[in-house]
Amino acid sequence: MKSDISGFPEFLPNEQIAFNSVMDAIRHHFELYGFVPMDTPAVERIETLLAKGNDSEIYGLYRLADENSKKSLGLRFDLTVPFARYVASHHGNMIFPHKRYQIAPVWRGERPQFGRYRQFYQCDVDIIGEEELSLEHDAEIVKLITETLRDLNIPEFSTKINNRKLLTGFLKHIIVGEKAEERIIECMRLIDKMEKMSVDEFWSDISLLKVSEKDSTKLKSFLDVDKRGKNDEILKMLKPLNFNEEFNAGVSELANVLDLLKKFDIEDRYVRISTKLARGLSYYTGIVFETVFDDVKDIGSIAGGGRYDDLTSKISADNKFVGVGASIGISRLVPKLIERGLLNCDKSATAQLLVTVQNRNFIGSYMKLSGKFRKLGIKTETYLQNKSLGAQIGYASRKGIKYVLIANDVELLDNKAIIRNLETKEQHVIRTKYMGKEVVSLLR
RNA sequence: GCGGGUGUAGCUCAGUUGGUCAGAGCGCCAGAUUGUGGCUCUGGAAGUCGUCGGUUCAACUCCGAUCACUCGCCCCA
């Protein structure tokens with residue numbers, strides 16, 4: 001993968017074909033579950049984009065420099081905010097629960113680095129309900145993401161799962177008093193990135209938040225809970241803690257989703273509780289999860305998502321929509337798969353067959369012949385440059401086109417042609433007048 | 001926004017204290033190979049040494065600025 005402008009990657013043809021094959025596989029899974037496609041413009045009104053968060057320059061927003069327009073527009077930095085805007089404006093014509101997917105680029109003006117781009121693709125699935133949405137949907141999303149990834153040829157992965165209520169409930173229990181809300185958010189952020197910090201660093205930062213010694217002890221044991229390993233054991237420890245109602249609701253939702261996942265045939269090894277998981281400070285309100293490779297540590301998460309009970313209130317106040325969704329980061333995933341040799345990248349062609357042209361006076365006949373193959377559903381390219389047969393076959397070989405058709409004028413007039421398999425060097429003479437299944441099976 | 005690294009052929013890079021130093025491998029093109037690719041051999045094309053300025057008899061080499069890319073931090077999936 002190359003990048004001519006920093007952070008804006010582009011692929012060579014073989015990589016693009018591989019990238020698209022992953023994208024198609026993901027799309028296929030999404031549609032298998034009945035999700036419908038959706039697209040929105042690359043730009044949104046600035047006020048819509050800013051509705052996501054507190055920060056005035058969220059994600060290094062790209063603003064459109066259009067002096068003639070009074071509208072103030074910017075490039076989307078994720079697919080959820082545009083979706084919220086979409087629901088707010090079209091809900092009258094939508095059917096709920098609404099299940100949609102969207103595979104599209106987003107833009108962020110951050111400094112790029114490895115596995116982090118300024119333009120990258122997200123594959124989002126979301127389920128939106130009016131007023132309420134049962135917990136089964138949360139489990140279904142996790143199941144869908146797990147199965148989608150499982151069916152790709154990727155390294156071992158697992159999904160960390162948590163519930164925001166559990167985390168905030170606990171933090172509300174230990175952090176009270178002045179500026180409690182800010183300190184809770186700061187504490188949640190520290191916990192979220194705890195694994196990146198040293199132990200000393202973490203606790204010295206925590207002490208800045210005026211957590212009492214007694215509560216620090218509680219925090220410590222709380223953080224240790226998910227070291228237990230087995231989800232059942234972790235839940236068994238969490239249940240009696242009974243810090244407050246919010247916490248209890250979180251534990252109960254978490255337990256329910258895990259129970260549903262069992263019923264939905266998602267094996268335990270794919271999902272494990274991580275009470276530290278917060279997933280940034282965004283709109284999540286319930287279940288949160290993110291998927292990482294077990295052994296590949298140098299890229300962040302490859303998928304993630306969660307439940308948000310308040311999708312549209314910042315955009316339109318009249319109706320309440322709740323949702324649960326997830327996103328797969330293929331712009332991170334695919335280069336890693338290519339680097340690891342897990343993604344077949346040796347084809348620079350979509351064609352299965354190259355029709356070579358030896359006698360250029362018969363170009364019309366060659367083109368008609370190509371047309372016959374195309375009608376049979378075989379992707380066929382006709383070689384149109386004036387080059388030797390050897391050069392034409394070399395062209396097919398380098399592009400990864402498996403078959404070539406070879407015919408001179410005599411053969412054309414006799415309705416014959418040679419099909420050569422470039423991998424096995426096998427050649428077959430075929431009759432070109434009436435071609436059917438036997439030719440199709442020959443080209444498999 | 002902050003800090004480090006790097007800019008020489010299409011790609012990956014070498015280039016000594018400033019003076020035969022415009023180089024290699026890969027790739028590309030042609031031929032050996034007159035209907036049949038990969039392998040091998042032979043030949044060939046290709047670079048304003050990122051850009052601008054300075055020092056010097058002399059700059060790819062030293063200095064300054066600038067631009068670009070890249071890695072990390074902040075932030076974030």
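Naming: A, B, ... by sequence-line order, numbering from 1 per chain. Since we're looking at a predicted model, the values are computed, not measured. Both backbone and side-chain heavy atoms feed into the values below; hydrogens, waters and symmetry mates do not.
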K.L.:
Distance between the C1' atoms of B:C29 and B:C13, in whole angstroms?
P.N.:
23 Å

K.L.:
Taking the same atom, P, in B:U51 and in B:C67, what whole-Å distance lies between them?
P.N.:
16 Å

K.L.:
Please list all pairs passing the salt bridge (Lys or Arg N to Asp or Glu O under 4.0 Å) test where one or both residues lie in residues 407-419 of chain A, with sequence neighbours left out.
P.N.:
A:Asp414-A:Lys416

K.L.:
Please state whether the base of B:G38 and the side chain of A:Glu423 form at least one donor-acceptor pair under 3.5 Å?
P.N.:
no

K.L.:
At 4.0 Å (heavy atoms only), tell me whether A:Gly329 reaches a base, stays on the sugar-phosphate, or touches nothing.
P.N.:
nothing

K.L.:
Taking atom C1' in both B:U8 and B:C73, what distance in whole Å separates the two?
P.N.:
31 Å

K.L.:
At under 4.0 Å, does any side-chain N or O of A:Arg398 touch on OP1 or OP2 of B:G27?
P.N.:
no

K.L.:
Indicate the ring-plane relationship of A:Tyr308 and A:Tyr284, choosing parallel, tilted or perpendicular according to the 30° and 60° boundaries.
P.N.:
tilted

K.L.:
Mind checking if A:Arg332 touches a base, just sugar-phosphate, or nothing, with heavy atoms under 4.0 Å?
P.N.:
base

K.L.:
List RNA chain B stems (3 or more consecutive Watson-Crick/G-U pairs, under 3.5 Å)?
P.N.:
B:1-7 with B:67-73, B:10-13 with B:23-26, B:28-32 with B:40-44, B:50-54 with B:62-66

K.L.:
Would you say A:Arg108 places a side-chain N or O within less than 4.0 Å of OP1 or OP2 belonging to B:A77?
P.N.:
no

K.L.:
Answer yes or no: side-chain N or O of A:Arg279 and base N or O of B:C76 forming a donor-acceptor pair under 3.5 Å.
P.N.:
no

K.L.:
Give me the distance, rounded to whole Å, that separates B:C62 from B:C41 when you measure between the C1' atoms they each carry.
P.N.:
45 Å

K.L.:
I want to check a possible cation-pi pair here: A:Arg108 against A:Tyr62, using under 6.0 Å from ring centre and within 45° of the ring axis as the test.
P.N.:
no

K.L.:
Please measure how far the C1' atom in B:G10 lies from the corresponding atom in B:G1, and state the result in whole Å.
P.N.:
36 Å

K.L.:
Between OG1 of A:Thr382 and CD1 of A:Ile363, what distance do you get to the nearest 0.5 Å?
P.N.:
7.0 Å

K.L.:
Return the value, rounded to whole Å, for the distance between atom CG of A:Asp409 and atom P of B:G35.
P.N.:
13 Å

K.L.:
With respect to the side chain of A:Arg189, which nucleotide from B:A77, B:C75, B:G35 is positioned closest?
P.N.:
B:C75

K.L.:
Could you tell me whether A:Lys387 contacts a base, only the sugar-phosphate backbone, or nothing, with contacts defined as non-hydrogen atoms closer than 4.0 Å?
P.N.:
sugar-phosphate

K.L.:
Could you give the distance separating B:G18 and B:G53 at their P atoms, to the nearest angstrom?
P.N.:
23 Å

K.L.:
Please confirm whether the ring centroid of A:Phe157 lies under 6.0 Å from the ring centroid of A:Phe293.
P.N.:
no

K.L.:
Would you say a side-chain N or O of A:Gln113 is under 4.0 Å from OP1 or OP2 of B:C73?
P.N.:
yes

K.L.:
Within the structure shown, what part of the strands sits under 4.0 Å from A:Ser6 by heavy-atom distance: base, sugar-phosphate, or nothing?
P.N.:
sugar-phosphate

K.L.:
Centre-to-centre under 6.0 Å for A:Tyr383 and A:Tyr395, is that the case here?
P.N.:
yes

K.L.:
If each of A:Arg111 and A:Tyr395 is mapped to the nucleotide of RNA chain B with the nearest heavy atom, which maps nearer the 5' terminus, i.e. the 5' end?
P.N.:
A:Arg111

K.L.:
For A:Ile5 and A:Ala407, find the nucleotide of RNA chain B closest to each by heavy atoms; which residue's nucleotide sits nearer the 5' end?
P.N.:
A:Ala407

K.L.:
Without swapping roles, check the side chain of A:Thr168 against the backbone of A:Arg164 for a donor-acceptor pair under 3.5 Å.
P.N.:
yes

K.L.:
How far, in whole Å, is B:G38 from B:G15 if one measures between their P atoms?
P.N.:
35 Å

K.L.:
Report the C-alpha separation of A:Tyr101 and A:Tyr33 in whole Å, then their side-chain angles, then the decisive distance to 0.1 Å, and conclude whether the ring pair (Phe, Tyr, Trp, His ring centres under 6.0 Å) test is met.
P.N.:
CA-CA 10 Å; A:Tyr101 72 88; A:Tyr33 272 73; over 10 Å; no

K.L.:
Tell me which nucleotide among B:G37, B:C76, B:G35 gets nearest to the side chain of A:Glu110.
P.N.:
B:C76

K.L.:
With distance as the sole criterion, do the side chain of A:Gln427 and the base of B:U36 form a donor-acceptor contact below 3.5 Å?
P.N.:
yes

